[in-house]
J.: 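I am attaching a structure below and will ask some questions about it afterwards.
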Amino acid sequence: MTSPDRREHAKQVLREQRIETPSWGYGNSGTRFKVFAQAGVPRTPEEKIDDAATVHRFTGVAPLVSLHIPWDRVEDYAALAEHAQERGVQLGAINANVFQDDAYRLGSVCNPDPAVRRKATDHLLECIDIMDATGSDDLKLWFADGTNYPGQDSIRERQDRLAEALAETYARLTGEQRLLLEYKFFEPAVYTTDVPDWGTSFAHCVALGPQAQVVLDTGHHAPGTNIEFIVATLLRHGRLGAFDFNSRFYADDDLMAGAADPFQLFRIMHELVQADAVSGVPATGSSTGQPISFFLDQCHNIEPKVAAMIRSVTNVQEATAKALLVDTEALTAAQRSGDVLAAYSIVKDAYDTDVRPLLGDLREDLGLDPDPSAAYARSGYFEQVAAERVGGEQAGWGA
Ligand code: LRH
Ligand code: MN
């Protein structure tokens, strides 16, 4: 493919890319030390959706917003879906929350107490009822479950309890609905975590059936983990269901995607491009036959939230565009001929390419300002909501 053709192909793929923003990224969040309130923060799920619609209005590629239950609990989910529709966005994944109730001190679906397991499983089933009401296909499950001391509980029995709860939940899915199981190597538990790594999530997904896939949160690995290796492996098995994009310097920092390590985000997108998995069903296959979901999962503890979300979406676009400019034919030839430096240079040259002009052109083709962050800053949206959203209780994690 000639370079001009590769640029056109890149624009075609970038035009179809879909990034889903998290409702909780618009609310207040923080650390155990402090949750800083900010002006203009939404008070309701509707106002969070208004902010998500604003991110889509300036980027053109963020038409979906994920919900988290109970943080986004409402009386009428169909009405909430309509509220979103009227603003040009759609309700996306439903995130279950079995990590904030006193009952879950020793775990939720892995808790030694069957009554607590019942309570947790009922919440997972309630989330599928909500998916039926919102028209969402993605049930996203992350469990804080784990132990803090050796001997505290049976590692193997907890896996049996988890498998039982997941099987009951999986059986409730209908149509295109899928179960996305997220892993995390530690926190809040600090000895064992019941879904600590991709292998554990993968094993549970395979045991459940084709509608179960793995969620890879880029902040959930031990330092030094080669995440793109996990991406390539899950793609090979058709079990990569979704990403939670964010970035980190130390732990699960949930910083803006691409902020801490843009080269890592590029390497991840490179694996996706090589598998033709950026938009549409991966060429390497998918157990669900559905495209991979690209979620952002971030907390904007000190930075203005809508602006941070727009910057994160454009960071993901830039990493994707650079990966789409890799000269795949030359790379494959260099790899197969063992030309190490040539292969590395082909990838690094793509990464070193300034793709902002290409993305600017794409946005103009879409009738958008070539620089979404600058256009948003000029729009006065922040000042408007800061003036309007006075009183009431600002949204947050309620932790
Ligand atoms: C857990 C996690 C999970 C969400 C939460 C907001 O660390 O990544 O995806 O439920 O953050
Ligand atoms: Mn996550």
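Because the structure is predicted, anything quoted here is derived from the model rather than measured. Note that ligands are numbered from 1 as they come in the structure, with each ligand's atoms numbered from 1 the same way.
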J.: Suppose I only count heavy atoms of His68 and a 4.0 Å limit; which atoms of ligand 1 are within that range?
T.: 4 (C), 6 (C), 10 (O)
J.: Starting from atom 9 (O) of ligand 1, find the nearest protein heavy-atom neighbour and note its residue, name and distance.
T.: Glu182 OE1, 2.7 Å
J.: Taking the side chain as every heavy atom from C-beta outward, state whether Val35 and Trp397 have any atom pair closer than 4.5 Å.
T.: no
J.: Looking at side-chain heavy atoms only, is the closest gap between Asp50 and Arg389 below 4.5 Å?
T.: yes
J.: Has Asp217 got an N, O or S atom lying less than 2.8 Å from the Mn ion (ligand 2)?
T.: yes
J.: Identify, by name, the N, O or S atom of Asp244 lying closest to the Mn ion (ligand 2).
T.: OD2
J.: I'd like to know if Asp244 and Lys184 make a salt bridge, using a cut-off of under 4.0 Å between side-chain N and carboxylate O.
T.: no
J.: Have a look at Glu182 and say which of its N, O or S atoms is nearest the Mn ion (ligand 2).
T.: OE2
J.: Kindly check if the number of other-residue, nucleotide or ligand heavy atoms within 6.0 Å of CD (Glu393) is above 12?
T.: no
J.: Are more than 12 heavy atoms from other residues, nucleotides or ligands located less than 6.0 Å from atom CZ of Phe263?
T.: yes
J.: Using a 4.0 Å cutoff against the non-hydrogen atoms of Asp217, which atoms of ligand 1 qualify?
T.: 8 (O)
J.: Would you please indicate if the ring centroids of Tyr183 and His221 are separated by under 6.0 Å?
T.: yes
J.: Ligand 1 versus Asp244, non-hydrogen atoms closer than 4.0 Å: side chain, backbone, both, neither?
T.: side chain
J.: Could you tell me whether Arg172 and Asp132 make a salt bridge, using a distance below 4.0 angstrom between a side-chain N and a carboxylate O?
T.: yes
J.: Going by distance only, is there an N or O of Asp252 that falls short of 3.5 Å from an N or O of ligand 1?
T.: yes
J.: Quick check: Lys184 and ligand 1, any N/O pair under 3.5 Å apart?
T.: yes
J.: Would you mind reporting whether Leu106 and Val116 have side-chain heavy atoms less than 4.5 Å apart?
T.: no
J.: Can you name the N, O or S atom of Asp297 that is closest to the Mn ion (ligand 2)?
T.: OD2
J.: Which of the atoms of ligand 1 are close to Lys140, meaning less than 4.0 Å from one of its heavy atoms?
T.: 9 (O)
J.: With only distance considered, is Asp254 within less than 3.5 Å of ligand 1 through an N or O on each side?
T.: no
J.: Can you find a pair of side-chain heavy atoms, one from Phe245 and one from Met269, that are under 4.5 Å apart?
T.: yes
J.: Have a look at ligand 1 and work out which part of His220, if any, has a heavy atom under 4.0 Å from it: side chain, backbone, both or neither.
T.: side chain
J.: What's the shortest distance from atom 11 (O) of ligand 1 to any protein heavy atom, and which residue and atom give it?
T.: Asp297 OD2, 3.3 Å
J.: Give me the nearest non-hydrogen protein atom to atom 6 (C) of ligand 1 as residue plus atom name, then the distance to 0.1 Å.
T.: Trp24 NE1, 3.6 Å
J.: Considering the heavy atoms of Trp397, write down every atom of ligand 1 situated less than 4.0 Å from one of them.
T.: 6 (C)
J.: Cation over ring, Lys305 on Tyr26, under 6.0 Å and within 45°?
T.: no
